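Keep in mind it's a predicted model, so treat the numbers as computed, not measured. Here is how names work: the chains are called A, B, and so on, in the same order as the sequence lines, proteins then strands, and each is numbered from 1.
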Protein chains: 2
Amino acid sequence: MSDASLWTALADPHRRAIVGLLLERPRPVGEIVEACGLSQPSTSKHLRVLRDAGLVRVRQDAQRRVYALDPAPIAELDAWLAPYRELWNRSLDRLGQRLDETSDHHDTSQPTPKD
Amino acid sequence: MSDASLWTALADPHRRAIVGLLLERPRPVGEIVEACGLSQPSTSKHLRVLRDAGLVRVRQDAQRRVYALDPAPIAELDAWLAPYRELWNRSLDRLGQRLDETSDHHDTSQPTPKD
DNA sequence: GTGCTGTATTCCTTGACCGGAATATAACTG
DNA sequence: CAGTTATATTCCGGTCAAGGAATACAGCAC
């Protein structure tokens, strides 16, 4: 459920901006509205999407609602990314090998099998 | 350009499936069509989006076009994710601390400062 | 209670995207 | 050259998401 909506939630630049704001600290809606330059209803709708994706939590503080990041879905993204990161590391290795020919040794965390 | 389209490119489940297929090995279009169960034009259009996002490269092999992953944008995603990963690690730390306390004395109530 | 502040939801319109069908293009074969 | 295979592009109809305006709702102050 939150798996499918997670990507689409982060596909929107405004929502990524909101998530970036909430990375610094939890914020009430009004602060997000001001920082993003969006209208209040639009901001609330984006926050709804982020909430449905499980990316943010709300805490009620008098009339204000303070939104905060929930790190769990981020870990989900990270898990998805893991196998691709390996691919990236392999390509870095190849690049490092090419650079080795001209500059000094750049140690990578993975022992390179020399054949 | 590829920055904005990177997220939207990966927002589509079919395209994530294609990327997953290309993680195993480079493949010609026909193979992707068969594996994904999409029509050939639809697959080509998705591949176009992935190519515009810089996620895949094409190599011509006779009449076939062999698509392969380009790891660079993945690293971009990873870089975006990095600050959030720290947040995740901090929350894991707090969870571990709570689990440590409850393993000592069987008490699930955390020390809440009452104000 | 009334009024005020902060936030959420609904309605509506516009624009983007997806999939299918048909067509176009490119490369090989004979 | 014509014919065939492999892939890309265009056109079209339906669906979905985004933003604005107006409104509804909740919590506080008086």
In terms of heavy-atom contacts, Cys36(A) and Ile18(A) come closest through SG-CG1, 3.8 Å
All heavy atoms of Gly54(A) vs all of Pro73(A), minimum pair found to be O-CG, 3.1 Å
Beyond-backbone contact of [X] with [Y], side-chain heavy atoms, under 4.5 angstrom:
| X | Y | value |
| --- | --- | --- |
| Leu55(A) | Leu10(A) | yes |
| Asp78(B) | Arg85(B) | yes |
| Tyr84(B) | Val19(A) | yes |
| Tyr67(A) | Leu47(A) | yes |
| Pro28(A) | Asp61(A) | no |
| Gln40(A) | Ser44(A) | yes |

Discussion item. So, does Arg48(A) get its side chain near the phosphate of dA8(C), meaning an N or O under 4.0 Å from OP1 or OP2?
Written reply: no
Scoring nucleotides 17-30 of chain C by protein non-hydrogen atoms under 4.0 Å (B base, S sugar-phosphate only, - none) yields -SBBBB----BS--
Contacted region of DNA chain D by chain A, from 5' end to 3' end of the hits, cut-off under 4.0 Å to heavy atoms, spans dA18(D) to dC28(D)
Crowding at CZ, Arg64(B) (>12 non-hydrogen neighbours, <6.0 Å): no
- With under 30° as parallel and over 60° as perpendicular, where do the rings of Trp80(B) and Trp7(B) fit, or are they tilted in between? perpendicular
Under a 4.0 Å heavy-atom cutoff, the residues of residues 17-33 of chain B touching DNA chain C are none
